[in-house]
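What follows is a set of notes on a single structure, which appears directly below.
Reckoned from all heavy atoms, side chains included, excluding hydrogens, waters and symmetry mates. All values derive from a computational prediction rather than experimental measurement.
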Amino acid sequence: MSEYSVTIPWGQEKEVYSETFNNREMFLGAIGATPDGRVFRWAYSGGAIGAGERVETSPAVAADDQDLAVQAAGAVGDVTVSITSAATIAADLYKDGYLFTNDGAGEGHVYAIKSMPLVTGSATVVVTLREKLREAITTSTLVGFVKNPYKDVIIGTAASNAGATVGVAPTEVTDNDYFWCQESGVCAVLAGDAAMVIGDGIECGVNVAGAFQLHDVSAETDKRPLGELMQVAPAAGDSALVILRV
């Protein structure tokens, strides 16, 4: 099985797995496709998600998301970065996630994280990257951390989104499961309202957790379309068949 992409045999996209994080077969986010071209991402759940329900990234940790100070300057080619944390960070919480430079020297870069140790309270932590710094950073540089977007994913939140939509669960998923999260192709999704007809765009639902709703441009929505309805208008609370394009 390839580490980054895989052909998923018929029906295997509905399997869930309970391997521990460090013994997983593939990187989180690895791409898989069924023979008919439906595309999935290898994901790890941070809570229960029902079949056909929208999946979001794990909520960002406010203390870590940006404006963390660089403790020591880093040169082009370095693979470690010393950061002053704002609060306790569990060991490898951001493994396979990202460090990004949000202000100062070297701003605008994203680097994949290989490992980082436990840091308690506000203290210095040395982050090991999977790649080299492409631009020098200084002690005036500010950075942030984000988990791998497919780690600890949750059911899509209603009203105010906790994270970005990454796909749809093709089967029932419990907490701490590895599973294939669908991001494109024919897909059954939870309908949060019935105001949709064939060909309409769909977007994140705002009233029902895990649901989708009509993408209504006339309402000046700020949400992007995530696919189109391909069958008859569903009743609210039913599953709708769509062409998913996350």
**Prompt:** Would a line drawn from the ring center of Y150 to the ring center of W42 be shorter than 6.0 Å?
**Reply:** no
**Request:** Go through the steps for V70 and V143 under the test side chain to side chain contact (heavy atoms under 4.5 Å, CB included), then give the verdict.
**Result:** CA-CA 7 Å; V70 171; V143 307; 3.9 Å; yes
**Prompt:** Name the one of F40, Y44, Y17, F27 that satisfies ring pair (Phe, Tyr, Trp, His ring centres under 6.0 Å) with Y178?
**Reply:** Y44
Do the non-hydrogen side-chain atoms of [X] and [Y] ever get within less than 4.5 Å of each other?
| X | Y | value |
| --- | --- | --- |
| S18 | N176 | no |
| V6 | W180 | yes |
| V127 | T80 | no |
| L118 | I89 | no |
| S85 | L68 | no |

Interatomic distance, [X] atom [atom1] to [Y] atom [atom2] [nearest 0.5 angstrom]:
| X | Y | atom1 | atom2 | result |
| --- | --- | --- | --- | --- |
| R54 | I155 | CZ | CD1 | 8.5 Å |
| E135 | T141 | CD | OG1 | 8.5 Å |
| D65 | F100 | CG | CZ | 7.0 Å |
| T101 | L142 | OG1 | CG | 10.0 Å |
| D200 | I198 | CG | CD1 | 9.5 Å |
| L241 | L244 | CG | CG | 10.5 Å |

Quick check: does any side chain N or O of [X] sit under 3.5 Å from a backbone N or O of [Y], one acting as donor and the other as acceptor?
| X | Y | answer |
| --- | --- | --- |
| T88 | G121 | yes |
| S45 | T174 | yes |
| D92 | M116 | yes |
| N148 | G97 | no |
| T138 | S140 | yes |
| S58 | V153 | no |

Shortest non-hydrogen contact from [X] to [Y]?
| X | Y | answer |
| --- | --- | --- |
| N207 | A158 | C-CB, 3.8 Å |
| N102 | G144 | OD1-N, 4.0 Å |
| V76 | A136 | CG2-N, 3.6 Å |
| E131 | V110 | OE2-O, 4.0 Å |
| K95 | K114 | CG-O, 3.3 Å |
| K14 | P170 | CG-O, 4.0 Å |

**Request:** Run the salt-bridge test on R38 and E13 with the 4.0 Å N-O cut-off and return the result as yes or no.
**Result:** yes
**Message:** Check this for me: does any side-chain nitrogen of one of K147 and D96 sit under 4.0 Å from a carboxylate oxygen of the other?
**Reply:** no
**Prompt:** For the hydrophobic clusters of this structure (ILVMFWY residues joined by side-chain heavy atoms under 4.5 Å, transitively), does one cluster hold both V186 and V39?
**Reply:** no
**Request:** For the pair T171 and V16, evaluate side chain to side chain contact (heavy atoms under 4.5 Å, CB included) and give the outcome as yes or no after the intermediate values.
**Result:** CA-CA 8 Å; T171 191; V16 296; 3.9 Å; yes
**Polar contact flag, side-chain donor to acceptor under 3.5 angstrom, T157-E56** = yes
**Side-chain donor-acceptor contact under 3.5 Å, D64 with Y94** = yes
**Request:** Go through the steps for H215 and I202 under the test side chain to side chain contact (heavy atoms under 4.5 Å, CB included), then give the verdict.
**Result:** CA-CA 5 Å; H215 178 66; I202 60 171; 5.6 Å; no
**Message:** Let's go through W10 and D36 carefully: what are the C-alpha distance in whole Å and the side-chain angles of both, what is the deciding distance for side chain to side chain contact (heavy atoms under 4.5 Å, CB included) to 0.1 Å, and is it a yes or a no?
**Reply:** CA-CA 9 Å; W10 294 113; D36 59 347; 3.8 Å; yes
**Message:** Exactly one of R224, K223, Q213 should register a side-chain hydrogen bond (donor to acceptor under 3.5 Å, both in side chains) with E203. Which one does?
**Reply:** Q213
